[in-house]
Amino acid sequence: MPAEGVADAEFAALQAEAKESFKKGVVPFVKTYCSECHSNRRTKGGLNFEPALKNPGESSASRKWMQAFANVNAHDMPPDDSDQPAAEERELFLQSLGKIKYLSAKDPGPFVIRRLTKVEYGNTLHDLFGVDPAVAEELPDEVAGQGYLNSLSPMQTEQYLGIANEVLDRIFATPEKPPTEWQNRLLGKPPTPGTDEREAARKVARSLARKAYRRPPSEAEVATLTGVFDLGRSNQLDYQGSLRLMLKALLVSPQFLYITPAKEAEAGKKIVPLDDYQLASRLSYLLWATMPDEELSALADAGQLHEPAVLKAQVKRMLAHPRARALFDGFGSQWLGLGSLEGKTFDPKKFPQMTPALRTAMYDEARLFFDSIVRGNLSVVAFVASDYTFLNETLAKVYSLEKDVTGPKMRKVKLTNANRGGILGMPGILATTSFPNRTSAVNRGVWVLEQVLGEHVPPAPPNVPALEKQDQKKVANLTLRQRTELHRTNAVCANCHKILDPIGFGLENFDAIGRWRDKDDTGGAIDAAGELPGGKRFSTPGELKSIIAARKDDLARNLTEKLMAYALCRQLEGYDKIVVDQLMKTIAQDGYRMQTLITEIVTSYPFLNRRVQD
């Protein structure tokens, strides 16, 4: 089976099976149990299934089917006051929805020509000009999630102009001083009297644009930059001053701020491979969050980067480099939800330990742990089932290991407590899934299901009262678990909570900042026992961890889907899911190793190809 997609014959057979399954398992179910509230006539909750029934494989339908699967699987839909499907009908509907992906055409999905993120922009300026990446600090942060905002507001344009001026001030000497090292490196020596200074400027423009655009510039692009040089000279700027103006124009150009193709697609083609320059940038910004280095650029110049063996070797090389930390800072922290840790509020009276130093140590623990799995090429199962972590003295106190770990330096520590180890018992994650003054079994349950296992949890129904709205006199002597179980007596809440709560309460021995405890805030004993669907029982966090770690395929599939979405800068759609199925075969055969997972994504059909927009 070719890595770039499903073989045509097999795909055709799967598509035919999916059409029949949709006809028998989805259409009658939707018409019987959903259309009364979710059709052209009524669109309760803004959900209308009629367009999705007509074109089930289109990307616009995929979110509707995902929502339908989650609600029907959780028995939230149909509502309790409506006719209910038999268990066989419900199961057939869910199985048929799982095949809808095969109704999608073979397509790499919408291609995002995206703007550099703030971090990528700062890193690129550093690599080009040697300036501190913090020069970009004043730019607004991106909204976390799959995909990128590509628009430029007037305020951002002004900010980019200001940053460009700051960069130029650092690399250009004042008129009365000799050129700086960076001026000489970037601009070369000024032309001698009597030589064609415009031709010299043109050569500088071509050289600078090759670096800054991360690809060879077109003749039109070189002419535009040379025109800016001409503008400077016509306004009585000297040669160096005119080059400075040209460089400023380059730094605020779309070709620098965005990752753009090296050439136009061939006429009539709807899907084309990425050119080697664009592939180099896509790979470099994914793994290093900066522009391609000399080796990647040389391979792109030689037209060799797209060759599978070459591309795989580059992934291995880049993951071994210290710059690969960017994969955690960009993807890992977003996946684990640690981006909010620095600014998260905690009750200072209950948790005075949550100092900036502790927050930094929590983040670094997760980063070093993630990095150890990637560099060591360990199985993705190690994210859940591991017997080590990284601590300094500040964080060791949370683990009650302050006698064993002293000093500010983070170091690898072997753990002997089976309840610790892995992301489920990691203080930073336990803290981000808590409230400012207490734990949250629901938040932790949702986090494990969605971020670790890749399940879709339906949003809470509207107008559901929070625990804080309970009669405080009635619940004064109840533990958090007992209060939540009382909350579950509401039929609207019960279906979701029966899945979420066991996981959340399985982690209840960890307080809101991740310290172990045997009693909760009311003084009641912690009850961490529970049962998961399928009859899997546990009584400690360690036993819960073992159950989740056993779901190797779910762990690997979830991480593959999330990393692929991050790599493509968009949500996954129909055919992407088929590609993931194929990747999973190779990943499973190699023991779910992390570098194999990353390499399979980088060499996948959606990563290597782009749809040409109509």
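Small disclaimer: the values here were computed from a predicted structure and weren't measured.
Residues Asp329 and Tyr363 meet the side-chain proximity criterion, which asks for heavy atoms closer than 4.5 Å. Between Gln582 and Glu600 the shortest side-chain heavy-atom distance does not fall below 4.5 Å. Put simply, the side chain of Thr540 does not reach to within 4.5 Å of the side chain of Asn509, judged on heavy atoms.
A search for ring-ring contact (aromatic ring centres under 6.0 Å, His included) contacts involving Trp288 returns His321, not counting sequence neighbours.
A tilted orientation is assigned to the rings of Tyr566 and Phe331, their planes being inclined by 30° to 60°. Between Tyr388 and Phe390, the ring planes are perpendicular. Angles over 60° get that label, and only those under 30° would be called parallel. Classified by interplanar angle (parallel below 30°, tilted 30° to 60°, perpendicular above 60°), the ring pair Trp516/Phe510 is perpendicular.
Residues Ser434 and Arg444 have side chains that bring a donor and an acceptor to within less than 3.5 angstrom of each other.
Using a cut-off of 4.0 Å between Lys/Arg side-chain N and Asp/Glu carboxylate O, Arg367 and Asp364 are scored as salt-bridged.
A distance-only check finds a donor-acceptor pair linking the side chain of Asn377 to the backbone of Gln595 [under 3.5 Å]. Checking side-chain atoms of Arg359 against main-chain N and O of Lys344 turns up a donor-acceptor pair under 3.5 Å.
Here the straight-line distance linking atom CG of Leu583 with atom CD1 of Ile578 works out to 12.0 Å at 0.5 Å rounding. In this structure, Arg438 CZ and Glu508 CD are separated by 9.0 Å, a value rounded to the nearest 0.5 Å.
In plain terms, the two heavy atoms of Leu286 and Leu327 that are nearest each other are O-CD1, 3.7 Å. The minimum heavy-atom distance between Ala512 and Thr439, with the atom names listed, is N-CG2, 3.5 Å. Closest heavy-atom contact between Gly514 and Arg420: O-NH2, 2.7 Å. Heavy-atom minimum distance, Arg114 versus Tyr285: NH2-CB, 3.7 Å.
Looking at Lys414, Glu365, Lys412 one by one, the single match for side-chain hydrogen bond (donor to acceptor under 3.5 Å, both in side chains) with Thr389 turns out to be Glu365.
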